[in-house]
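Have a look at the structure below before the remarks.
First the proteins, then the strands, lettered A, B, ... as listed; each starts at 1.
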There are 2 protein chains.
Amino acid sequence: MSNPTILYVEDEPFLGRIVKESLEARNFTVTMVSDGKDAVKKFTDSRPDLCVLDVMLPNKDGYSIAQAIRQSNDKVPIIFVTAKTLTEDVVKGFEAGGNDYIRKPFSMEELILRINNLLRLTQRYGSPSEKIVLSEFEFHPDRYELRHQENVRKLSHREAMLLLVLSQNRNTTVSRKEVLLTVWGDDTFFNSRNLDVYISKLRDFFKPDPAIEIITIKGVGYRFSVDEQA
Amino acid sequence: MSNPTILYVEDEPFLGRIVKESLEARNFTVTMVSDGKDAVKKFTDSRPDLCVLDVMLPNKDGYSIAQAIRQSNDKVPIIFVTAKTLTEDVVKGFEAGGNDYIRKPFSMEELILRINNLLRLTQRYGSPSEKIVLSEFEFHPDRYELRHQENVRKLSHREAMLLLVLSQNRNTTVSRKEVLLTVWGDDTFFNSRNLDVYISKLRDFFKPDPAIEIITIKGVGYRFSVDEQA
DNA sequence: ACAGGCTTTTAACCTTAATTAACATTCCTT
DNA sequence: AAGGAATGTTAATTAAGGTTAAAAGCCTGT
């Protein structure tokens, strides 16, 4: 992966700067926000690969930021930074959708390990060379091919990218925005209609298999439902 | 997911038994090993979904077990249990291939959260959840489908979410506020009327089955009453 | 350079879901 | 029993998305 991006929410400027610079020295691209109010907006704008949130912030604490982020993205790893160490804080952190927890004062070494650990665990575009089995279908993302029994259909670039995003998020909801950004790179009005066209194509491809369905969630996105039951 | 399996390596029999039983009470299937020498063999035999390793063991410490496990499997999540708290131990743990770290003494609550967190993170895709049987009806939340005898009705997002909340709280009272928050995300006046509309739709769906009823509790909420008698 | 075949975008028109509104009903309060 | 708030019901409206086809863009080979 090339330069993972990190959203770092921290209100202490001194600590913040040190951490930001240390992370950048390790080739992370860091966006730092010092006011909790701006954090969620920055998140949706910059779509970082991982978030590091201080829990003690003016205006809005780390937990509520995490919850807000989870509204739009239930995958991005979140690490909480806290001064406290009580079990109930850890519990609260996990309940808010956090994935790890580090206590102040922490060593950069440890933070970096935890970041890399989470990035490795959540790497979604891990091995797109492998075939992806979707009920009766086989999708070869690297070859842009979709097989069904004896039929091999060559996919175009957009078709393949869209199917890849959906496959990687199968059985969960993926927002239109996310799809548009990964497949088209932006989410303007016209691309938006474009997506509709391609969704329609994919539905057509999968029509022969009732176990596969692309469910529309109006105003939100899609859910690629694949029923693996025999 | 049905009953994740856990390999638990712990040499203190007293602690071990408590933890094993607590985990089993939460529907994990736990294999406990007390001697480090046997751990790796047990791992290859039982292919657990996750490992919990104490680092202080006779014969073979947790770190070397982790390294051995990583030889054959680089995906399975590993949690270390340790009495120490030094950064260098954490570093050592991650270097050995661990994914999380919990310090003795720990609360079961926290361990369970960390286990679930890692299982969720490593679960490649969302897994289809079970169908919900409601008297004569079958509700498939991830397919947005409601079956009654031969009829399959496709549900919209709001219909499905509302029905899900009600089913999960069947035969108990759910407040309007809770429903509004889970289905619509907020509970303003207009959404409130919206809920009435959808409740009306659901009642319509279930009209053919007298065992199912949505009871209004004025000023409070609803009770989704399902009589399971044959 | 341009013809032919492809993919992608744009456009037009259609369908459906979600919201809002309007009016009816229930039920609690006094 | 009257009045009012909460909810039920149905219909109208609005916005999102589905479908299909035509237009535009892009390679590739000659």
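For the pair B:Ile199 CD1 and D:dT10 P, the computed distance is 15 Å after rounding to whole Å. Between the C1' atom of C:dA17 and the CG atom of A:Asp196 lies a distance of 14 Å, rounded to the nearest Å. Nucleotide D:dT10 holds its C1' atom 15 Å from the CZ atom of B:Arg203, rounded to whole Å. Atom OH of A:Tyr144 and atom C1' of C:dC6 are 15 Å apart (whole Å). The distance between atom OH of A:Tyr198 and atom C1' of D:dG17, rounded to the nearest whole Å, is 17 Å. Distance A:Lys201 NZ to C:dT8 P: 7 Å, rounded to the nearest Å. Protein atom CD1 of B:Ile214 is 9 Å distant from nucleotide atom P of D:dG8, rounded to whole Å. The distance between atom CZ of B:Phe189 and atom P of D:dT7, rounded to the nearest whole Å, is 11 Å.
A side-chain donor from one of A:Arg176 and A:Ser192 sits under 3.5 Å from a side-chain acceptor of the other. Checked by atom type, the side-chain pair A:Ser34/A:Asp11 shows no donor-acceptor distance below 3.5 Å. Judged by distance alone, the side chains of A:His140 and A:Arg143 do bring a donor and an acceptor atom under 3.5 Å apart. At a cut-off of 3.5 Å, with distance as the only test, no side-chain donor of A:Thr82 or A:Asp89 sits close to an acceptor on the other residue.
The stretch residues 152-173 of chain B touches DNA chain C through B:Ser156, B:His157, B:Arg158, each having a heavy atom within less than 4.0 Å of the strand.
Judged as a salt bridge (Lys or Arg N to Asp or Glu O under 4.0 Å), the pairs with a partner in residues 148-158 of chain A (not counting sequence neighbours) are, in order, A:Glu145-A:Lys154.
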Nucleic acid footprint by protein, nucleotides 24-29 of chain D - heavy-atom cut-off 4.0 Å, B for base, S for sugar-phosphate alone: ------
Protein-to-nucleotide contact annotation, 5' to 3' order, nucleotides 20-26 of chain C [B base; S sugar-phosphate only; - none; under 4.0 Å, heavy atom]: BB----B
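Note on B:Tyr222: only backbone sugar-phosphate atoms sit closer than 4.0 angstrom, heavy atoms only; bases stay farther off.
Note on A:Glu109 versus A:Arg26: salt bridge recorded, some NZ/NE/NH1/NH2 to OD/OE distance being below 4.0 Å. With respect to the salt-bridge test (charged N to carboxylate O, under 4.0 angstrom), the residues A:Arg193 and A:Asp196 qualify. A salt bridge links A:Asp54 with A:Lys104: at least one charged nitrogen is closer than 4.0 Å to a carboxylate oxygen.
Distances shorter than 4.0 Å separate none of the side-chain N or O atoms of B:Ser200 from OP1 or OP2 on D:dG8. For C:dT8, the OP1/OP2 oxygens have no side-chain nitrogen or oxygen of A:Trp184 closer than 4.0 Å. Distances shown here put a side-chain N or O of B:Thr216 below 4.0 Å from the OP1 or OP2 atom of D:dG8. For the pair A:Arg176 and D:dG17, the criterion of a side-chain N or O lying under 4.0 Å from OP1 or OP2 is met.
A:Asn117 pairs by the side-chain contact (heavy atoms from CB on, under 4.5 Å) definition with A:Arg120, A:Leu121, B:Phe94, B:Asn99, not counting sequence neighbours. By the side chain to side chain donor-acceptor pair (under 3.5 Å) test, A:Thr216 pairs with A:Arg203, sequence neighbours left out.
Other residues, nucleotides and ligands contribute at most 12 non-hydrogen atoms within 6.0 Å of the CE atom of A:Met56.
Looking at heavy atoms from C-beta onward, B:Arg47 lies out of side-chain contact with B:Thr5 at the 4.5 angstrom threshold.
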